[in-house]
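Here, residue 1 is the first one in the sequence, and each next residue gets the next number.
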Amino acid sequence: MDQPLPVPETEISLTFAKGLEVLRAFEGGQTDMTVADIARKVGHTRAATRRLVRTLECLGYVKGIEQRYRLTARALKLGLGFLQSRSIGHLVGPVLRAESLALGESISLALLDAMEAIYVFHNPADKVAEMAGHTIGSSMPLATTATGQAICAFLPSKVQQQVLTTSKLSDVEHGELTRHLTEISVQGFALKDISPQGDLRALGVPAFNLDGDVAGALSIVFPVSRYDDAQIRHSLVPHLQRCATYLVSAL
């Protein structure tokens with residue numbers, strides 16, 4: 001599990017860290033915000049936030065219109081180096097596209113990042129059951145999503161408990177999820193209904209790196225009526241597991 005390494009305070013630029021916090025303030029569907037909105041979200045003073053926003057505007061990462069700010073396309077470049085260095089484009093992409101075509105389903109790949117999972121690739125095949133509102137770069141909790149649970153079930157027990165403790169679960173929910181994660185670790189996949197109407201289901205299968213540690217998960221979303229339990233276990237899961245073995249060197 002990738003955790004930030006401890007760094008002496010003398011080697012840290014707090015201003016740079018605050019600037020990144022401002023960029024992350026636009027996550028979660030935020031389209032545009034005032035300086036005051038951003039300041040409240042990141043917990044800095046309005047004056048300090050304004051300087052950070054204006055700096056990002058000068059660098060071309062945000063654009064201001066009538067005192068409201070939004071991210072520009074240039075912000076996408078911040079993640080480009082990661083996608084290129086991890087072979088997402090020329091290795092992961094072709095594998096997922098081929099498996100998506102064979103399966104006839106949209107397949108997504110999310111990678112573990114500290115206490116959450118982040119979507120890094122999606123191959124669309126089914127417009128009815130897309131990514132359930134998620135896009136590339138979207139993060140999701142490990143405790144409450146099929147993708148996250150497929151990862152969480154294979155984390156070291158100490159880290160897994162840390163995830164559960166910080167997920168704001170009741171005692172009953174904590175106990176139920178602990179038992180559920182044990183089941184997932186045995187069966188090798190997570191399955192979860194994801195729509196209020198109960199007509200969509202998400203399937204998550206863990207993906208491991210060369211060291212054998214869980215690094216992420218592959219997932220698909222499909223209408224509940226499309227597959228029965230036997231088809232899920234004997235067709236969908238093996239497809240995703242086989243796909244995951246091809247991606248080891250990139251994880």
Side-chain angles (χ1 to χ4, degrees), residues 91-112 117-134 138 140-155 157 160 163-164 167 169 172-209 212-248 250-251:
L91 191 156
V92 173
V95 170
L96 292 186
R97 279 190 285 269
E99 202 65 28
S100 178
L101 182 62
L103 195 58
E105 298 287 354
S106 303
I107 299 179
S108 302
L109 171 64
L111 295 183
L112 177 63
I118 298 179
Y119 275 120
V120 298
F121 190 89
H122 176 69
N123 188 77
D126 185 351
K127 298 302 181 182
V128 175
E130 271 293 342
M131 290 177 70
H134 297 295
S138 293
M140 68 201 75
L142 298 182
T144 57
T145 62
T147 299
Q149 291 175 357
I151 296 171
C152 191
F154 294 90
L155 292 173
S157 58
Q160 185 181 107
V163 171
L164 298 183
S167 296
L169 303 172
V172 173
E173 291 171 331
H174 188 288
E176 291 178 346
L177 183 54
T178 299
R179 290 189 292 272
H180 185 49
L181 292 176
T182 300
E183 295 174 357
I184 293 171
S185 67
V186 172
Q187 65 189 14
F189 65 90
L191 193 63
K192 187 176 180 64
D193 291 336
I194 61 171
S195 66
Q197 298 78 18
D199 58 347
L200 284 179
R201 183 171 288 173
L203 170 66
V205 170
F208 302 89
N209 60 25
D213 299 322
V214 64
L218 295 173
S219 63
I220 63 173
V221 175
F222 54 88
V224 171
S225 60
R226 184 173 294 174
Y227 305 103
D228 58 28
D229 288 344
Q231 290 172 314
I232 291 172
R233 291 178 178 273
H234 302 302
S235 179
L236 297 185
V237 172
H239 263 285
L240 293 183
Q241 289 175 330
R242 181 169 59 250
C243 185
T245 62
Y246 296 146
L247 305 180
V248 170
L251 302 179

Chemist: Check the pair Arg233 / Tyr227 against side-chain contact (heavy atoms from CB on, under 4.5 Å), numbers first and verdict last.
Modeler: CA-CA 10 Å; Arg233 291 178 178 273; Tyr227 305 103; over 6 Å; no
Chemist: Within the structure provided, determine whether Phe222 and Leu236 are in side-chain contact (heavy-atom separation under 4.5 Å).
Modeler: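 Counting from C-beta outward, Phe222 and Leu236 do come under 4.5 Å.
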Chemist: Could you tell me whether the side chain of Glu105 reaches within less than 4.5 Å of the side chain of His239, counting heavy atoms only?
Modeler: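 Contact flag for His239/Glu105 side chains = no.
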Chemist: Where is the tightest heavy-atom contact between Val214 and Ile151, given as atom of each residue plus distance?
Modeler: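 Nearest pair, atom of Val214 first, then Ile151: CG1-O, 3.8 Å.
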Chemist: Minimum heavy-atom separation for Val205 to Gly188, with atom names?
Modeler: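 Heavy atoms only, the tightest pair is CG1-O, 4.2 Å.
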Chemist: Looking at Leu109 and Leu111, what are the two nearest heavy atoms and their distance?
Modeler: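 In this case the closest contact between Leu109 and Leu111 is CD1-CD2, 4.2 Å.
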Chemist: Please answer whether the main-chain N or O of Leu203 pairs with a side-chain N or O of Ser219 as donor and acceptor at a distance below 3.5 Å.
Modeler: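 Checked: no pair found.
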Chemist: Can you confirm whether Asp213 sits close enough to Leu112 that some side-chain heavy atom of one is under 4.5 Å from a side-chain heavy atom of the other?
Modeler: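 Sidechains of Leu112 and Asp213: no contact.
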Chemist: I want to check something: taking the side chain as every heavy atom from C-beta on, are Ile232 and Arg201 in contact at a cut-off of under 4.5 Å?
Modeler: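 Contact flag for Ile232/Arg201 side chains = yes.
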Chemist: Verify, without hydrogens or angle tests, whether Gln149 (side chain) and Ala146 (backbone) share a donor-acceptor contact under 3.5 angstrom.
Modeler: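 No, Gln149 side chain to Ala146 backbone: no donor-acceptor pair under 3.5 Å.
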Chemist: Measuring only between side-chain heavy atoms, which start at C-beta, is Leu101 closer than 4.5 Å to Asn123?
Modeler: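 Result no, sub-4.5 Å side-chain heavy-atom pair not found.
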Chemist: Where is the tightest heavy-atom contact between Ala244 and Leu218, given as atom of each residue plus distance?
Modeler: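 Nearest heavy atoms, Ala244 then Leu218: N-CD1, 3.6 Å.
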Chemist: Can you find a pair of side-chain heavy atoms, one from Ser106 and one from Val221, that are under 4.5 Å apart?
Modeler: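 Not in contact.
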